[in-house]
Amino acid sequence: MRRFAAAVLAVVVAGTLVGAATPPPPVVDDPADGVRAAEYWLDQYGIREAWNTTRGAGSRIAIIDTGIASGPVEFAGAVAGGTDVSGVGTPDGRTPVGGTDRAHGSWVASLAGARGTGDGRGMIGVAPEAELLSVSVGFGGTSSVSFIQQIADAIHWSVDNGANVINLSFTTNTLDWDETWDEAFQYAFDNDVVVIVAAGNRGSGTNRVGAPATIPGVLTVGGVDPSGVASQEASTQGITIGVSAPSERLLGVSPNGQLVWWDGTSGAAPLVAGIAALIRSAHPELDADNVINRLIKTASPVPGISALPDPLYGYGLVNASAAVTAQVASVDESPLGLTLEEWIRLYRRAAAAPAPEVTPTPVEVPPLPDAEERTAEASPFVPSGDTLLYGTVPLVAGTLAAIMISLGFTAAVRRIRSARASRGPSRTII
């Protein structure tokens with residue numbers, strides 16, 4: 001599974017709506033076809049009701065994923081263009097790339113804009129009249145082009161080829177993102193593109209939203225089970241979750257045309273991307289900020305949740321009918337709070353300006369005076385005049401005097417001994 005996210009920080013207020021001028025004819029399902037009946041989200045999340053106003057005509061959703069297969073009839077007439085940024089796909093982006101997850105892009109695309117198989121049968125997407133762009137990306141080690149560069153290239157190509165909604169159903173499992181994405185995502189925002197991303201899945205090891213879901217300005221989608229309760233395995237949590245949508249018991253069209261059941265916020269994201277396409281179709285005058293504003297303002301509240309945004313549900317469960325038809329006041333800035341441009345200014349170190357070039361000015365330096373001639377230093381072992389006067393001479397004089405005194409003392413002792421010896425022994429007379 002793949003995923004994405006957004007910084008959701010502000011609440012918006014109600015206002016005015018301009019609806020579609022000519023409602024399309026109703027979608028009639030074949031009651032004998034079990035596929036449409038299995039798409040429980042069509043009725044539970046107001047999608048079928050929203051079709052009374054629009055089915056997405058005039059909108060263009062870029063599916064940046066493993067590629068939308070060209071074989072399944074459900075995609076006939078749906079894909080308006082494509083490209084490959086991995087280097088291992090085909091130029092039109094219609095050859096799925098990757099290993100075990102190569103069908104991922106087709107599953108995602110079928111939820112956003114599948115056309116069905118005709119006569120009210122087969123899988124139908126949220127915006128069945130919106131155009132899709134297929135941008136094939138090589139996840140993991142399937143491409144020699146770095147994943148970071150592939151996503152940057154994919155966003156640029158999508159914007160340049162008319163996408164007004166971009167779906168990103170992947171995650172990097174890290175809060176940070178490469179600076180290359182700063183410019184790429186800002187390019188999408190500057191060109192009024194709504195970027196929808198998946199929050200991630202606990203079942204695949206993601207316990208909190210990660211980049212690019214942490215990039216300010218994108219709308220993150222959390223996942224719920226068929227009863228509307230936050231999914232334990234097929235979703236994650238985080239303060240950047242904006243709205244929630246079904247992420248369990250989803251249908252997907254595989255490249256070989258086979259329908260499969262699958263789970264994950266990788267499927268919840270294209271459901272919301274399809275609703276964003278419905279809004280852009282019904283309200284072409286609205287910019288991206290007001291499209292996101294409608295999605296979060298009209299979300300159905302979750303019982304027991306009062307503090308918004310909630311780390312599991314965001315602002316609530318997405319409601320397609322209300323998002324398309326309700327009266328919602330317009331906004332002049334992103335309802336998600338901090339923008340990417342502001343974030344970059346606050347948290348990215350400003351690029352150092354080049355050091356100014358200094359032109360040296362010649363300075364004349366006067367010549368140095370001639371060095372004084374040095375005399376050879378005397379050896380410390382050769383006595384100087386002072387040492388002779390104050391050291392050597394007194395020492396010699398003292399030594400001579402001591403010798404003379406010693407000789408005189410010795411001579412005196414010898415005389416005394418000699419005198420005693422000449423007297424002889426003494427006698428006592430009685």
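These figures come from a predicted structure and were not determined experimentally.
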Checklist entry - Would you call Glu131-Arg60 a salt bridge at under 4.0 Å N-O? => result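 Salt bridge present between Glu131 and Arg60.
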
Next on the checklist: Between Arg348 and Asp182, does any NZ, NE, NH1 or NH2 come within less than 4.0 Å of an OD or OE carboxylate oxygen?
Outcome noted: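 Looking at Asp182 and Arg348, the cut-off is met.
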
For [Y], does its backbone N or O pair with a side-chain atom of [X] as donor and acceptor, under 3.5 Å?
| X | Y | answer |
| --- | --- | --- |
| Glu342 | Thr339 | yes |
| Ser134 | Gly93 | yes |
| Ser143 | Ser86 | yes |
| Trp181 | Ile148 | yes |
| Arg36 | Met123 | no |
| Asp225 | Val229 | yes |
| Thr265 | Gly200 | yes |
| Ser321 | Gly46 | no |
| Asp192 | Ala288 | yes |

Checklist entry - Under a 4.5 Å cut-off applied to non-hydrogen side-chain atoms, are Val135 and Ser158 in contact? => result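 The answer is yes, as the side chains (C-beta and beyond) meet within the 4.5 Å cut-off.
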
Checklist entry - Is there a side-chain contact between Leu42 and Trp51 (heavy atoms, below 4.5 Å)? => result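 With C-beta onward as the side chain, the pair touches.
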
Checklist entry - So how far is it from Arg280 CZ to Asn290 CG, rounded to the nearest 0.5 Å? => result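 If I round to the nearest 0.5 Å, the distance is 9.5 Å.
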
Item to check | CG on Asp84 to OG1 on Thr95, rounded to 0.5 Å | outcome: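 With rounding to 0.5 Å, OG1 (Thr95) is 8.5 Å from CG (Asp84).
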
Next on the checklist: Run the salt bridge (Lys or Arg N to Asp or Glu O under 4.0 Å) test on Arg294 and Asp289 for me, step by step, so that the C-alpha distance in whole Å, both residues' side-chain angles and the decisive distance to 0.1 Å come before the verdict.
Outcome noted: CA-CA 9 Å; Arg294 280 184 163 274; Asp289 287 340; over 6 Å; no

Looking only at heavy atoms, what is the nearest atom pair of [X] and [Y], with distance?
| X | Y | value |
| --- | --- | --- |
| Ala282 | Thr54 | CB-CG2, 3.9 Å |
| Val221 | Ile196 | CG2-CG2, 3.7 Å |
| Asp33 | Gly120 | OD2-O, 4.0 Å |
| Tyr313 | Leu317 | CD2-CD2, 4.1 Å |
| Ala276 | Val194 | CB-CG1, 4.4 Å |
| Asn201 | Glu233 | CB-O, 3.4 Å |

Checklist entry - Can you name the one residue among Trp343, Phe147, Tyr347 that meets ring-ring contact (aromatic ring centres under 6.0 Å, His included) with Trp177? => result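 That would be Trp343.
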
Next on the checklist: What verdict does the side-chain contact (heavy atoms from CB on, under 4.5 Å) test give for Leu259 and Val35, after you've listed the backbone C-alpha separation in whole Å, the side-chain angles of each residue and the deciding distance to 0.1 Å?
Outcome noted: CA-CA 9 Å; Leu259 286 174; Val35 175; 3.6 Å; yes

Checklist entry - Using a distance-only test with no angle check, is there a side-chain donor-acceptor pair under 3.5 angstrom linking Ser231 and Glu248? => result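 Yes - a donor-acceptor pair under 3.5 Å links their side chains.
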
